[in-house]
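Structure record follows, encoded as C-alpha cells.
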Amino acid sequence: MSYSRQPVDTDGICGLATPVGSGAVGVIRVSGPGCLRGMLPLLRRPGGGACGVGDFEPRKLVRADICDGLSGGILDQLLVVCFPAPHSFTGEEVVELHGHGSPVVLERILRQLVAAAGLRLARPGEFSKRAFLNGKMDLIQAEAVMRLIGAGSLRAAREATRQLGGGLSRRLGGIRARLVEVLAEVEACLDFADEEIETADGDELCRRLDPVIAELESLLAGSAFGRRLREGFELVLVGRPNVGKSSLFNRLLGRDKAIVTPLAGTTRDLNEGCFEVAGVVVTVVDTAGFWESADPVEREGMRRARGRMAGADGLWVVAEAQEGLVAGDWEILAEVESSRMAVVFNKADLVPGGSGRPLLPGDWRYGEVYAVSSLDGAGFAELESLLRRWLGVMDPGEGEGETILVARQQEALEDARDAVLRSRDLLREDKPWELVAIPLRDSLGVLGFMVGETGVEAILDRIFSTFCVGK
Ligand SMILES: Nc1nc2c(ncn2[C@@H]2O[C@H](COP(=O)(O)OP(=O)(O)OP(=O)(O)O)[C@@H](O)[C@H]2O)c(=O)[nH]1
Ligand SMILES: [Mg+2]
C-alpha cells in the first residue's frame with residue numbers, strides 16, 4: 001500500500017508512558033532520529049563511566065544511571081531499552097527509560113531531557129501519530145490503540161485488540177480491491193467510448209457489486225454494538241407507584257440500592273446504577289411512580305422521570321402481573337414514545353399457575369411483553385436476552401463479526417455503502433459510464449479516508465489529540 005501522508009516532524013519528543021502517580025516503575029518514552037545519541041551526556045554506566053551508543057544493544061534492557069543536569073548527581077537508576085528505526089512503535093529511533101516510579105523524579109528526568117538532550121515534550125497522541133505517518137499502522141489500528149487503552153470493559157478491549165491485529169483493515173482492503181476492479185472496467189469503457197469495441201456488461205458489474213454491498217452491510221451491523229460499547233445504554237423504568245420498579249432496579253444491579261416499601265410513592269428522586277451486559281455499561285434509572293398526586297415532592301419526582309424518559313435508549317413500563325393493565329398503566333403507555341420499549345409485568349410470583357402474562361388486546365402496539373418476579377428472579381434471563389438484542393450484541397466467534405468502535409469509521413462505512421448502492425442503481429438503469437464512475441470513485445475515496453490513506457490531513461490532529469500523552 002502506498003501512503004501519501006503529510007511529512008513527519010522529526011524533532012525528538014519525550015513523554016511519560018506510564019500513568020501519572022507513584023508506581024513500582026515509571027517509563028519515559030523518547031522518539032526521534034538520533035535520540036539515543038542526544039541523551040548520552042545525561043547517561044552514566046552503573047560504575048560511573050560515560051555511556052556510548054554501543055552500550056545499548058537493540059531491544060535489550062541495559063542498566064544505566066541518569067544524571068541531574070550535565071554536572072549533577074545521579075537522579076535515578078534506569079533500565080534503558082533502545083529500538084533502532086524502523087523497528088519501533090513510531091518507526092523512528094525509540095528509547096524507553098524505565099525508572100523507579102517516582103512522579104517527582106520522572107518529572108525531573110523529563111525536564112533534563114528537554115534541557116540537555118534537545119528533546120521536546122510530546123503532545124497527546126504524538127507517538128501514535130508518528131507511527132501512523134511512518135506507515136507502522138493505518139488509522140483504524142491507531143484508533144484501536146486508543147480504544148484499547150480507554151476500554152471500559154474486557155469485551156471492549158477484546159474488540160479493540162482484534163482491530164489492532166488488522167482484521168478490519170484487511171476486510172476493507174478486500175472490499176476496495178473489488179471496487180477497484182469494477183471501476184477499472186468502467187473507466188476502460190470511458191476511455192474507448194468512441195471506438196467500436198465491446199463494452200463492459202452492466203448486469204455483470206451489478207452482480208459483482210452485490211457482495212461488496214453485503215460486506216459493507218455486515219460491517220455496519222457491527223457498528224450498533226460498537227456504539228454501545230463506546231457510549232453505553234440508558235434504560236429507564238417507569239410505572240405506577242408500588243408495581244415494583246425499585247425492586248426490579250435492585251435486582252438488575254444485584255444490590256439493595258433503592259428503598260423498597262409496601263407504601264405507594266416510596267421513590268421520589270431519580271436513582272441510577274450501572275450493570276454490564278456483554279461488556280456494555282447499562283445505566284438503569286429508577287423513577288417515581290406516576291399517579292394523580294397533589295404532593296409537590298411527588299410531582300417534582302414525576303417531572304424528573306418524564307425528563308429522563310425523553311432521552312432514554314430503552315424504556316420498560318413496569319406493571320403488576322396479578323392485576324393486568326389498569327387505567328393508570330394505559331395512561332403511562334399513551335405517554336411513552338420510544339422505539340425500544342417493553343412492558344414488564346412484575347410480581348409474577350403472585351399469579352399462581354399462569355405465566356404471569358395477562359391477556360392483551362389484539363391491537364397491542366407497545367412492544368414486547370415480559371413477566372418477571374423481582375422477588376425470586378423469575379424471568380430475568382429473558383430480560384437480559386431482550387437487552388442483548390437492543391444492544392445489538394454480536395456474539396464473539398459468530399461469523400466474521402467485526403465491531404466498528406469509532407464513530408468516524410461508522411460514518412465512512414455508511415457513506416461508502418450509499419455510494420456503492422448509487423453506482424449499482426445507475427448500472428441497473430443503464431446510465432452512461434461517466435455517471436456510474438462517479439459514486440464508484442467516491443466509495444473508494446471514502447474507504448481510503450477510513451484507513452487514513454486519503455483526505456485525513458485536516459482531521460489528523462483532532463483524531464490524535466484525543467489520545468493520552470506518551471501514546
Ligand atoms: N410478591 C412480590 N412482591 C414484590 C415484587 N416486587 C416488588 N414487590 C413488593 O411490592 C412493594 C413495592 O415495591 P417497590 O419496589 O417499592 O415498588 P415501586 O414501583 O418502586 O414503588 P414506588 O417507589 O412507590 O413507585 C414492596 O412491598 C415490594 O416488596 C415481586 O416481584 N413479587
Ligand atoms: Mg420505587
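Model, not experiment: these values are computed from the prediction. Just follow the structure's listing: the first ligand is 1, and inside any ligand the first atom is 1.
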Would you say [X] and ligand 1 have an N/O pair spaced under 3.5 Å apart?
X	answer
Ile259	no
Gly244	yes
Leu375	yes
Lys347	yes
Asn242	yes
Val243	yes

Among protein heavy atoms, which lies nearest [atom], and at what distance?
atom	value
atom 15 (O) of ligand 1	Ser247 OG, 2.5 Å
atom 26 (C) of ligand 1	Thr261 O, 3.5 Å
atom 29 (O) of ligand 1	Val260 CG1, 3.8 Å

Looking at [X], which atoms of ligand 1 are within less than 4.0 Å of one of its heavy atoms?
X	value
Asp349	1 (N), 2 (C), 30 (C), 31 (O), 32 (N)
Ser374	6 (N), 30 (C), 31 (O)
Leu263	24 (O)
Leu350	1 (N)
Gly289	25 (O)
Pro262	27 (O)
Thr266	22 (P), 23 (O), 24 (O)

**Asked** Run the side-chain contact (heavy atoms from CB on, under 4.5 Å) check on Phe464 and Leu139 step by step: do they pass?
**Response** CA-CA 10 Å; Phe464 285 103; Leu139 203 48; 3.9 Å; yes

**Asked** Looking at Ile13, Leu119, Thr90, which hits side-chain contact (heavy atoms from CB on, under 4.5 Å) with Val30?
**Response**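 Among the candidates, only Leu119 passes.
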
**Item:** Of Asp415, Val420, Asp442, Leu172, the residue whose pairing with Leu447 passes side-chain contact (heavy atoms from CB on, under 4.5 Å)
**Value:**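 It is Leu172; the other options fail the test.
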
**Item:** Any Val372 heavy atom less than 4.0 Å to ligand 1
**Value:**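 It does not, in that no heavy atom of Val372 comes within the 4.0 Å cut-off of ligand 1.
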
**Request:** Run the contact test for Gly239 against ligand 1 with a 4.0 Å cut-off on heavy atoms, strictly below, and give the result.
**Result:**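 No, that is not the case, since the closest heavy atom of the residue is not under 4.0 Å from the ligand.
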
**Request:** Taking atom types as modelled, find out whether Glu159 and Gln163 have a side-chain donor-acceptor pair closer than 3.5 angstrom.
**Result:**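 Checked: Glu159/Gln163 side chains show no N/O donor-acceptor pair below 3.5 Å.
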
**Asked** For residues Arg147 and Thr403, is any side-chain donor paired with an opposing acceptor at under 3.5 Å?
**Response**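 No, no side-chain donor-acceptor pair sits under 3.5 Å.
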
**Asked** Given Lys257 and Asp286, is the salt bridge (Lys or Arg N to Asp or Glu O under 4.0 Å) satisfied, shown in steps?
**Response** CA-CA 10 Å; Lys257 184 157 194 265; Asp286 181 23; over 6 Å; no

**Message:** Does only the side chain of Ala264 get under 4.0 Å from ligand 1, or the backbone, or both, or neither? Count heavy atoms.
**Reply:**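 The answer is the backbone of Ala264.
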
**Message:** Taking 4.0 Å as the limit for heavy-atom contacts, which would you say applies to Thr267 with ligand 1: side chain only, backbone only, both, or neither?
**Reply:**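 It is both parts that get close, each with some atom under 4.0 Å.
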
**Where the Mg ion (ligand 2) is the vertex, angle from Thr267 OG1 to Ser246 OG to 10°** =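 It comes to 90°.
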
**Message:** Regarding Thr287, does it place an N, O or S atom less than 2.8 Å from the Mg ion (ligand 2)?
**Reply:**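 It does not; every qualifying atom lies at 2.8 Å or beyond.
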
**Message:** Taking 2.8 Å as the cut-off, does Asn271 contribute an N, O or S atom near the Mg ion (ligand 2), distance below it?
**Reply:**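 Under 2.8 Å: Asn271 has no N, O or S contact with the Mg ion (ligand 2).
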
**Message:** If we check side-chain hydrogen bond (donor to acceptor under 3.5 Å, both in side chains) with Ser374, which of these qualifies: Asn250, Asp349, Asn346?
**Reply:**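 Among the candidates, only Asn346 passes.
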
**Lys/Arg cation over aromatic Phe449: Arg408, 6.0 Å, 45° cone** =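 Output yes; distance and angle both within limits.
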
**Item:** Face-on cation placement of Arg306 at Phe290 ring, 6.0 Å and 45° thresholds
**Value:**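 Flagged: Arg306 positioned over aromatic ring of Phe290.
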
**Item:** Sole candidate of Glu382, Glu368, Glu384 that passes salt bridge (charged side-chain N to carboxylate O under 4.0 Å, His left out) when paired with Arg389
**Value:**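 That would be Glu368.
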
Flag yes if more than 12 heavy atoms outside [X] fall under 6.0 Å of its [atom1] atom; otherwise flag no.
X	atom1	answer
Leu263	CG	yes
Leu435	CG	yes
Arg299	CZ	no

**Item:** Pair Glu272-Arg308, salt bridge (Lys or Arg N to Asp or Glu O under 4.0 Å): steps then yes or no
**Value:** CA-CA 11 Å; Glu272 52 187 272; Arg308 211 53 192 260; 2.9 Å; yes

**Request:** For atom 18 (P) of ligand 1, state which one of Glu320, Glu298, Arg268, Lys245 supplies the nearest heavy atom.
**Result:**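 Looking at heavy atoms only, Lys245 sits closest to atom 18 (P) of ligand 1.
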
**Item:** Candidate with minimal heavy-atom separation from atom 6 (N) of ligand 1, of Asn346, Leu237, Val238
**Value:**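 Nearest option to atom 6 (N) of ligand 1, by heavy atoms: Asn346.
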
**Asked** Roughly how far apart are Leu253 CG and Asn271 CG, rounded to 0.5 Å?
**Response**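 Leu253 atom CG to Asn271 atom CG measures 8.0 Å (nearest 0.5 Å).
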
